[in-house]
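Just so it is clear: chains get the letters A, B, ... in the order the sequence lines come, proteins before strands, and each one is counted from 1.
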Amino acid sequence: MNLSELSEQEIFRRNSLDEMRKLGINPYPAEAYEVNVSNKEILDQYKPELNNYQEVSVAGRVMNRRIMGSASFAEIQDQTGRIQIYIKRDDICPGEDKTLYNTVFKKLLDIGDIIGVTGYVFTTQMGEISIHVHELKVLSKSIRPLPIVKEKDGQIFDAFTDPEQRYRQRYVDLIVNPSIKDVFIKRAMIINTMREMFNSKGYLEVETPILQPIPGGATARPFISHHNALDMPLYLRIANELYLKRLIVGGFEGVYEFSKDFRNEGMDRTHNPEFTVMEIYVAYKDYNWMMDFTEEMIERVALALHNTTQVIFGDKVIDFKRPFRRITMIDAIKEYTGIDINGMDENQLREVCKSLEIELMPSMGKGKLIDEIFGEKCEPHFIQPTFVIDYPVEMSPLCKKHRTNPELTERFELMVNGKELCNAYTELNDPIDQYERFKDQLALSEKGDDEAMFIDYDFVRALEYGMPPTSGMGIGIDRLTMIMTNQVSIQDVLFFPQMRPEKKAKLDDASAYTDLGIAVEWIPVLQKLGFTKIENLKQSSAGKLFNDLCGFNKKNKLGLANPTMDDVKKWVEQ
RNA sequence: GAUCUAGUAGCUCAGCUGGUAGAGCACAUCCCUUUUAAGGAUGGGGUCCUGGGUUCGAAUCCCAGCUGGAUCACCA
């Protein structure tokens with residue numbers, strides 16, 4: 001980084017940094033700064049009649065300054081919010097030397113700097129609770145200007161809204177749009193509420209491998225990595241289901257994991273390549289029990305966040321009050337299409353799809369056809385939380401067959417706002433059946449389905465030792481957070497959503513310049529003037545270039561020794 | 001992957017049918033002891049995303065690319 005690449009404002013700030021050091025002020029001090037109260041606590045608890053908070057010490061980022069002669073106001077922002085501070089020259093500079101106020105505060109400090117102040121709380125004539133400062137300390141100098149956002153009575157002026165910048169520089173977004181912190185605080189509350197519930201019921205939080213030799217537990221394309229020492233591929237997990245079930249085999253009767261999973265697929269408003277899922281497995285339970293459990297969990301989450309089961313999402317109100325509606329997939333299709341597909345064979349189902357104008361692929365089997373009908377005609381209608389149960393067996397290779405109908409499985413999905421939120425099974429624990437289902441997946445894979453499951457022989461071996469009847473459930477934490485915080489984009493519930501890398505313009509190497517006899521210190525100047533490639537330089541006029549260089553040097557006070565006209569001619573003409 | 005749309009000062013944006021790049025905030029200098037998005041005066045600040053093309057002349061029109069966003073497709 002050098003001066004010619006910086007904006008004017010950045011140069012001013014770097015100069016301020018040097019000035020501070022010359023005055024003996026360390027702009028980045030090492031020692032701790034003791035804070036004894038938060039801004040929010042002062043604003044909530046200060047009462048003039050109690051005369052409380054008369055010795056406070058707070059720290060935060062300067063977000064606003066109004067300087068007037070020998071007294072000034074500023075606002076500093078800590079994690080809890082902003083408070084106004086009042087600084088009077090003769091208070092922070094009681095002696096003859098007024099440098100701290102006149103120079104440090106008025107000239108060298110900027111919006112964005114982090115400072116600590118001590119003083120007493122009072123109310124201004126305008127009625128605003130403020131801190132009357134008697135000591136001020138620089139804690140960290142900011143040398144890059146923040147976007148300036150102003151706000152009055154809830155109306156925002158010049159909001160920082162560009163999504164690209166907000167996601168790429170989330171730290172800036174969090175500073176200038178503090179309200180977005182709320183989404184992430186709620187996200188943590190969701191996770192904490194679930195964890196407390198599971199722990200109170202005696203289930204064990206566990207960790208299972210993220211790097212897996214066989215990516216199992218779901219149908220999705222994985223990210224592939226490589227282990228050098230073992231010289232073998234390893235996959236980032238697409239799910240953790242098979243490992244959690246191994247722990248049930250091992251004798252734990254309730255295990256859960258909040259797990260980052262990874263899927264190498266498209267990205268859009270509801271998909272990020274890495275995402276968070278909670279999966280839980282409980283022994284000696286079935287999917288009916290798990291529906292009750294899921295209802296309880298979701299209702300608790302809604303109450304923890306909103307103190308009510310009614311949650312606003314867009315223009316809808318979604319009510320998470322128990323019990324949720326339950327409907328079989330076949331009944332759902334009957335409800336929304338009027339067609340009873342019960343007992344139909346593959347050809348009959350194809351006819352149904354045609355009559356409903358659903359696009360088909362020849363490779364689709366019976367289960368896939370039913371799933372298409374449901375996805376097209378039913379799924380979007382389930383706005384209020386609804387358990388859709390009893391899915392076709394072909395769709396669910398890890399799920400136990402239905403106790404009364406072998407073509408179905410004991411599976412449910414929880415639909416909210418027309419989208420899947422949870423997925424749960426009575427888990428398949430028949431090792432021979434499981435092996436057969438894996439083999440069916442292998443057949444699919446050989447037909448070219450690159451998402452079909454791998455056979456996990458070790459998992460089958462585990463089942464052969466015997467797994468108790470078990471029910472398991474998975475829930476997408478990102479999507480749950482979206483619904484609970486009224487966000488339509490997954491990028492708004494992830495601090496750092498995946499983005500394409502920023503691309504920097506390609507510059508010619510420094511040696512290309514020095515080869516022409518150009519001094520190193522002039523290279524950035526030339527680049528700033530647009531000569532990022534030697535070719536461009538050779539096409540320019542020596543006279544103009546000479547003028548531009550000397551002018552740039554003077555204007556930016558770089559203090560470089562100007563080249564001679566002959567030098568410049570040589571560069572251009574070589 | 002397809003279609004649409006956007007990229008101009010640190011930030012938010014204007015810039016019409018091509019003709020010397022603008023505003024507000026921020027920044028700098030000076031004045032001001034209680035201001036409430038915005039005190040007054042003055043001033044500086046630009047690779048108009050990149051590269052081609054059309055033209056006497058391109059921020060503006062055309063083509064390609066890069067990076068976003070929206071919709072759709074694919075995908076649990």
Students often get this wrong, so: under 4.0 angstrom with heavy atoms, is [X] touching a base, only sugar-phosphate, or nothing?
X        : answer
A/Asp162 : sugar-phosphate
A/Arg89  : nothing
A/Thr219 : sugar-phosphate
A/Arg166 : nothing
A/Gln165 : sugar-phosphate
A/Glu379 : nothing

Could you give the distance separating [M] and [N] at their [atom1] atoms, to the nearest angstrom?
N      : M      : atom1 : answer
B/rA9  : B/rC16 : C1'   : 23 Å
B/rG1  : B/rG65 : P     : 12 Å
B/rU12 : B/rU17 : C1'   : 28 Å
B/rA6  : B/rA64 : P     : 16 Å
B/rU5  : B/rG10 : C1'   : 26 Å
B/rU55 : B/rG18 : C1'   : 9 Å
B/rA26 : B/rC11 : P     : 15 Å
B/rA21 : B/rU47 : P     : 14 Å

Nucleotide-resolved protein contact map, nucleotides 27-35 of chain B, B/S/- at heavy-atom distance under 4.0 Å:
SS-S-BBBB
Which nucleotide, in any strand shown, forms a Watson-Crick or G-U wobble pair with [N], with both distances under 3.5 Å?
N      : answer
B/rC4  : B/rG69
B/rC75 : none
B/rC25 : B/rG10
B/rG18 : none
B/rU60 : none
B/rU55 : none

Aromatic rings A/Tyr46 and A/Tyr53: how do their planes relate, parallel, tilted or perpendicular, breaks at 30° and 60°?
tilted
Could you tell me how the ring of A/Phe258 sits relative to the ring of A/Tyr256: parallel (under 30°), tilted (30 to 60°) or perpendicular (over 60°)?
perpendicular
Taking only residues two or more places apart in sequence or in another chain, which ones pass side chain to side chain contact (heavy atoms under 4.5 Å, CB included) with A/Arg170?
A/Arg166, A/Tyr167, A/Asp173, A/Leu174, A/Ile180, A/Phe184, A/Phe495, A/Phe496, A/Pro497
Could you please name the option among [options] that lies closest to any side-chain atom of [X]?
X        : options                : result
A/Phe157 : B/rG68, B/rA70, B/rA37 : B/rA37
A/Pro163 : B/rA38, B/rA76, B/rG68 : B/rG68
A/His271 : B/rC75, B/rA38, B/rG68 : B/rC75

Tell me yes or no: between the side chains of [X] and [Y], is some donor less than 3.5 Å from an acceptor?
X        : Y        : answer
A/Asp78  : A/Thr80  : yes
A/Asp390 : A/Tyr287 : yes
A/Arg411 : A/Asn423 : yes

For [X] and [N], give me the distance from atom [atom1] to atom [atom2], rounded to whole Å.
X        : N      : atom1 : atom2 : result
A/Glu10  : B/rG45 : CD    : P     : 16 Å
A/Arg168 : B/rC66 : CZ    : P     : 14 Å
A/Ile129 : B/rU36 : CD1   : C1'   : 14 Å
A/Lys368 : B/rC75 : NZ    : C1'   : 9 Å

Within a 6.0 Å radius of atom NZ on A/Lys419, are there more than 12 heavy atoms belonging to other residues, nucleotides or ligands?
no
Taking OP1 and OP2 of [N], is either one under 4.0 Å from a side-chain nitrogen or oxygen of [X]?
X        : N      : answer
A/Arg479 : B/rA76 : no
A/Lys150 : B/rU36 : no
A/Arg500 : B/rG68 : yes

Just wondering, do A/Ser259 and A/Thr208 contact through their side chains at under 4.5 Å, heavy atoms?
no
Which residue, A/Ser489 or A/Asp371, contacts RNA chain B at a nucleotide closer to its 5' end, judged by nearest heavy atom?
A/Ser489
Pairwise 5' ranking along RNA chain B for A/Gly127 and A/Leu146, keeping only the more 5' one
A/Leu146
Centre-to-centre under 6.0 Å for A/Phe382 and A/Tyr336, is that the case here?
yes
State whether A/Phe105 and A/Arg65 meet the cation-pi test: NZ (Lys) or CZ (Arg) under 6.0 Å from the six-membered ring centroid, and within 45° of the perpendicular axis.
yes
